[in-house]
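Here the structure is laid out as structure tokens; the discussion comes afterwards.
Please read these numbers as outputs of a predicted model, since none were measured by experiment. All values below come from the heavy atoms of this structure, side chains included, with hydrogens, waters and symmetry mates left out. Heads up: numbering here begins at 1 and tracks the sequence.
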Amino acid sequence: MSFSKLGLSDPIIKAVKDLGYSKPTAIQREAIPAVLSGKNILGTSQTGTGKTASFVLPLLEKLSKVTKRGKTQTVRGKRIRALILTPTRELAVQIEESVVQYSKYLNLTSMALYGGVDMEVQKERLIDGVDILVATPGRLLDLLHQRALYFDEIEMLILDEADRMLDMGFIDDISKIIERLPLQRQNLLFSATLNEDVRKLADSFSGDSMEGVGFKNNGLGNKEFYDDLEDINISPSSTSADTINQWLVAVDKDTKSALLSHLIVEEKWDQALIFIEKKHGAAKLVSQLEKRGIKADCIHGDRSQAMREKTLAAFKSGELKYLVATGIAARGIDIGSLTRVVNYDLPFKPEEYIHRIGRTGRAGALGEAISFVAMGDFKNLCAIESRLKHIIDRKEIDGFPVRKAVPVSILNYVPKHQRAGHTGSDNNSPYYGKKKTIADR
Ligand code: AMP
């Protein structure tokens, strides 16, 4: 199947070819025709599957449509035609860069809008109107309140990484934005994982005043999808792209940095994005690596936007080979050819693990995801492996014997708060659920 079969016109196909895409990915094959036909979409797809193009390409096609008078519609001052909401500024910048690439043979304008930078420049840029605005919720609302832009001409709303937006506590901001949008519009919601909260967010497109935009109340207190809503589920939320070679190494906390240096040098790692839990830990790890002759840098929430962008650009260009990042700072990072991610600290949530490792093995390329697991991470490991429905391969590294062994998890581990009859008074011993199976969860 080629891009031309999906209903996209020549300028878009040419731009995609310039980027070296030879055929559409699975989500693109499903989502592009659905978006073009005007459907609302709830798309579940991991990052790295070509999700951005799956909504940007048809969006460009629709916005560039020639009208009866032989002209494409031009946007009015302070107006926007398509709004893409993202959880982080990094992701906003990255999506807007994709929009620019995909629209290079079209006459459409786009802009990334996010906090932490001068508002005045952004206000000026909005004066002429923008066809496609990629924004983080907070700054968008600030500018809306200041009447720097109006929502009355929005034709399409895209919520990207909806699960992350919820994780990051944006639900109130998103609700405020949705309430102010025109009722007649197309809604696309993408999320790497689909849980109750994401469904509820999709439901928030409805409500009495908004019935007809994709969701309706079925009268039973539950919502159900309208017929015109396409539920696209490309990869099950519980699994991760099979182009990723995942393995873990059990390690004592105090030997983690030595182990990392050892692997970088001995296994001749060309590149690694290293996730760490705490920001002060990030700076410390960089200096530990540097003491061993390995040049690294870090990004975390306390660094200025300019510094984060500079560091990220150096990493993307290959000038910087090892980047240490806290989970929040790394959200939205897309480096096309990233070969390796390292969980220096194991994340608490399985979703976070899936997101992180999704930074590698993108669009069919091979990637490697390595996790350092200390004994204290055992419960998190159980939760992650239960979610993946498989045990992650373990490697032992010569010269790094562990003092505190990490047991092998049992896949139907049930966290304490989810156990039947839990009274809150259990001791802390790891529990292996006997009553519930993975399928029950
Ligand atoms: P995304 O899931 O949107 O973050 O995309 C992941 C990566 O895949 C990006 O670097 C895209 O440039 C790339 N990509 C998207 N679609 C295709 C395609 N059809 N063929 C090859 N690469 C693609």
Side-chain angles (χ1 to χ4, degrees), residues 40-47 51-52 55 80 82-96 111-117 119 122 126 132-146 148-149 151 154 156-182 185-207 210 213-215 223 237 279 299-302 305 308 325-334 347-352 354-356 358-359:
N40 292 309
I41 283 181
L42 176 60
T44 324
S45 175
Q46 269 167 239
T47 181
K51 178 166 55 87
T52 314
F55 60 82
I80 42 186
L83 173 63
I84 303 175
L85 284 180
T86 74
T88 62
R89 43 195 170 187
E90 280 80 9
L91 188 59
V93 168
Q94 183 190 301
I95 293 180
E96 204 264 336
M111 171 183 176
L113 184 72
Y114 46 85
V117 292
M119 251 191 215
Q122 295 178 337
L126 286 166
I132 302 142
L133 186 70
V134 192
T136 53
R139 177 58 60 98
L140 180 71
L141 278 173
D142 285 347
L143 290 179
L144 182 74
H145 292 144
Q146 295 183 29
L149 79 167
F151 284 173
I154 292 184
M156 295 177 84
L157 168 70
I158 297 98
L159 295 183
D160 193 28
E161 302 215 351
D163 49 353
R164 289 202 156 260
M165 289 208 247
L166 296 175
D167 260 10
M168 293 170 77
F170 285 142
I171 186 66
D172 288 345
D173 283 353
I174 294 170
S175 304
K176 281 183 202 151
I177 292 166
I178 290 176
E179 274 166 22
R180 289 163 175 78
L181 295 176
R185 56 164 210 269
Q186 190 175 8
N187 301 291
L188 317 178
L189 185 150
F190 289 89
S191 187
T193 53
L194 191 56
N195 54 32
E196 264 307 290
D197 291 339
V198 174
R199 290 253 171 205
K200 272 192 208 142
L201 175 60
D203 287 344
S204 75
F205 287 162
S206 79
M210 302 186 73
V213 291
F215 303 87
K223 310 273 186 175
S237 59
K279 26 189 192 205
I299 52 169
H300 52 69
D302 279 359
Q305 176 68 6
R308 283 159 64 164
T326 56
I328 298 241
R331 277 176 188 168
I333 292 183
D334 174 26
F348 291 108
K349 290 189 178 171
E351 289 84 0
E352 181 70 22
I354 290 168
H355 269 290
R356 285 187 188 177
R359 304 283 155 214

Could you go step by step and tell me if D173 and K176 meet the side-chain contact (heavy atoms from CB on, under 4.5 Å) rule? CA-CA 5 Å; D173 283 353; K176 281 183 202 151; 4.2 Å; yes
Sequence neighbours excluded, the answer for side-chain contact (heavy atoms from CB on, under 4.5 Å) partners of Q186 is V35, N40, K62, M156, L188
Can you sort out the partners of R89 under side-chain contact (heavy atoms from CB on, under 4.5 Å), two or more places apart, ordered by chain and number? Y114, Q305, R308
Could you tell me the separation between the [atom1] atom of [X] and the [atom2] atom of [Y], rounded to the nearest 0.5 Å?
X    : Y    : atom1 : atom2 : value
Q146 : L144 : CD    : CG    : 10.0 Å
L143 : Q122 : CG    : CD    : 6.0 Å
L149 : I80  : CG    : CD1   : 5.0 Å
L91  : E161 : CG    : CD    : 5.0 Å
L189 : T44  : CG    : OG1   : 8.5 Å
D160 : I95  : CG    : CD1   : 4.0 Å

Over all atoms of both residues, closest heavy-atom pair of [X] and [Y]:
X    : Y    : answer
S191 : V198 : OG-CG2, 3.7 Å
T86  : M165 : C-SD, 3.9 Å
P87  : R164 : CG-CB, 3.9 Å

Flag side-chain contact, heavy atom, 4.5 Å: T52 against F190: no
Determine whether I178 and R185 make a side-chain contact, defined as any pair of heavy atoms from C-beta on separated by less than 4.5 Å. yes
Would you say the side-chain atoms of R139 pair up with the backbone N or O of T136, donor to acceptor, closer than 3.5 Å? no
Determine the sole option in L126, I84, L85 for which the side-chain contact (heavy atoms from CB on, under 4.5 Å) test with L133 is passed. L126
Applying the side-chain contact (heavy atoms from CB on, under 4.5 Å) criterion to L83, which one of I158, L159, I177 satisfies it? I177
Kindly write out the residues that satisfy salt bridge (charged side-chain N to carboxylate O under 4.0 Å, His left out) with K349, not counting sequence neighbours, or none if the list is empty. D167
Answer yes or no: does atom CZ of F151 have more than 12 heavy-atom neighbours from other residues, nucleotides or ligands under 6.0 Å? yes
